[in-house]
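Here the structure is a predicted model, which means the values were calculated and not measured. Residue numbers run from 1 in the order of the sequence given.
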Amino acid sequence: MNAVLPTYIWPRGKSCAVFFSVDVDAEAPLLWEHRGMELKGLGRLEQRRYGPRVGLYRILDLLDEFSAKGSFYVPGIVAQNHPEILPLLMERGQECGLHGFYHEPVQDLTDRENRDVLMRSMDLFQAQTGQRPQAYRSPAWEMTPGLIRLLLEKGFAHDSSLMGFDHPYEIGGLCEIPVQWLSDDALFFKFENGPHDRWRPADPVQVAESWIEEFEGLREFGGLFTLTVHPWISGRPQRIRMLRRVLSRIAGYDDVWWATAGELAAWHRDSANAGVFSVPVRNREMQPR
């Protein structure tokens, strides 16, 4: 038991949880990067559009193999350019959430600009699904105090952008389903043959073993294993096989709760965990001397 906080409580018979999340970024970050400029080359654009065309369907079929559900976060421009995505995800029983409009880094925007982006995304989501969005994940996994207040104002049930615990918690009153860079496919496989590439794609066998080790460690400590993939990256055959290997290992344990962000947030809110793992938006910060 933690010296300060108690052990997180999972549903009866479960000692940890697994959250499969999908960031359907596609071309959104590229369009934001080139805003106001002509996009002359097709290479990066086509590479990213592989996600909506092919990779997304392979990931959905993989989840079906394990009778599992995921949470899919879709930027507004991706939903606009590929209007079949949100209805398809809803039809297949997946959770859908917002992920910016052009995958804008929220920390670089004013509160007013973040409000405009959120409202535009909400309107599009409602027009395409007939429902108000409840789930949110920030582009690039950053957050601002103003955006947390805005999500609460607009009735969002949960966010999945921060890393303050390795199980659900509350920040500024908003339920947070934490993420983890270590189990994000982009860290290992994002490669566009451009100036932003810092290394070649990793060995998927080694990545699978790393993710299995992280999952088993979190199971030991009673935490949440959040896996995040991008269809344009992990929809490729090699990565689908890697994901199948990881999910097969997880499926070998009967004390693991496979849950969506919405299910995790509902459990947190209605269980004895509510209010126990609650932190302010800002603690007292060190000021420069």
**Prompt:** Are any of the side-chain heavy atoms of Gln180 and Asp166 separated by less than 4.5 Å?
**Reply:** no

**Request:** Check each of Gln47, Lys190, Arg48 against Ile233 using the side-chain contact (heavy atoms from CB on, under 4.5 Å) test, and report the only one that passes.
**Result:** Lys190

**Asked** With respect to Ser15, which candidate in Thr7, Asp255, Asp254 satisfies the side-chain hydrogen bond (donor to acceptor under 3.5 Å, both in side chains) definition?
**Response** Asp255

**Asked** Are Leu30 and Leu45 close enough that some pair of their side-chain heavy atoms sits under 4.5 Å apart?
**Response** yes

**Message:** Quick check: do Asp108 and Glu104 have side-chain heavy atoms less than 4.5 Å from each other?
**Reply:** no

**Request:** Determine the interplanar angle of the Tyr136 and Phe156 rings, folded into 0 to 90°, and report it as parallel if under 30°, tilted if 30 to 60°, perpendicular if over 60°.
**Result:** perpendicular

**Prompt:** Are Thr260 and Ser71 linked by a side-chain donor-acceptor pair shorter than 3.5 Å?
**Reply:** no

**Request:** State, to 0.1 Å, how close Ser248 and Phe66 come at their nearest heavy-atom pair, and which atoms those are.
**Result:** OG-CZ, 3.5 Å

**Heavy-atom check, side chain of Ser183 versus side chain of Phe188, under 4.5 Å** = no

**Request:** May I ask you to decide whether Asp116 forms a salt bridge with Arg112, counting only side-chain N to carboxylate O separations under 4.0 Å?
**Result:** yes

**Asked** Does Arg35 make a cation-pi contact with Tyr102, if we ask for NZ or CZ under 6.0 Å from the ring centre and within 45° of the axis?
**Response** no

**Asked** What is the distance from atom OG of Ser160 to atom CG of Asp23, rounded to the nearest 0.5 Å?
**Response** 8.0 Å

**Asked** Side chains of Val74 and His99: does their closest heavy-atom pair fall under 4.5 Å?
**Response** no

**Message:** Quick check: do Arg249 and Trp211 have side-chain heavy atoms less than 4.5 Å from each other?
**Reply:** no

**Prompt:** Can any side-chain N or O of Glu176 pair as donor or acceptor with the backbone N or O of Ser161 at less than 3.5 Å?
**Reply:** yes

**Message:** Below 30° counts as parallel, above 60° as perpendicular, anything between as tilted: where do the rings of Tyr8 and His268 land?
**Reply:** parallel

**Fill in**
Scanning both residues in full, the closest heavy-atom pair of Pro237 with Tyr50 reads CD-OH, 4.0 Å

**Asked** About how many Å separate CG of Leu89 and NZ of Lys69, when rounded to the nearest 0.5 Å?
**Response** 10.5 Å

**Asked** Is Arg53 salt-bridged to Glu46, cutoff N-O under 4.0 Å?
**Response** yes

**Prompt:** Under 3.5 Å, is there a donor-acceptor pair between the side chain of Trp10 and the main chain of Gly222?
**Reply:** yes

**Request:** Could you grab the distance from atom OG of Ser210 to atom CG of Leu187, nearest 0.5 Å is fine?
**Result:** 9.0 Å

**Asked** Is there side-chain contact between Val246 and Phe20, with heavy atoms separated by less than 4.5 Å?
**Response** no

**Message:** Rounded at 0.5 Å granularity, tell me how far CG in Leu243 sits from CG in Leu247.
**Reply:** 6.0 Å

**Asked** Heavy-atom distance under 4.5 Å between the side chains of Arg137 and Thr228, does that happen here?
**Response** yes

**Request:** Examine distances only and state if a side-chain atom of Gln128 and a backbone atom of Ala79 form a donor-acceptor pair shorter than 3.5 Å.
**Result:** yes

**Message:** Please report the interatomic distance CZ(Arg92) to CG(Asp64), rounded to the nearest 0.5 Å.
**Reply:** 4.5 Å

**Asked** Quick check: does any side chain N or O of Gln94 sit under 3.5 Å from a backbone N or O of Gly70, one acting as donor and the other as acceptor?
**Response** yes

**Item:** Pairwise distance CE(Met143) to CG(Asn114) - rounded to 0.5 angstrom
**Value:** 8.5 Å

**Request:** Report the relative orientation of the aromatic rings in Tyr169 and Phe165; use parallel for angles under 30°, tilted for 30 to 60°, perpendicular for over 60°.
**Result:** tilted

**Asked** Under a 4.5 Å side-chain heavy-atom rule over Ile, Leu, Val, Met, Phe, Trp and Tyr, are Val24 and Val179 clustered together?
**Response** no

**Request:** Please work out which of the three classes, parallel, tilted or perpendicular, describes the rings of Tyr73 and Phe19, given edges at 30° and 60°.
**Result:** perpendicular

**Prompt:** Okay, side chain of Asp185, backbone of His230: is any donor-acceptor separation there less than 3.5 Å?
**Reply:** yes

**Heavy-atom donor-acceptor pair, Thr226 side chain to Pro178 backbone, under 3.5 Å** = yes

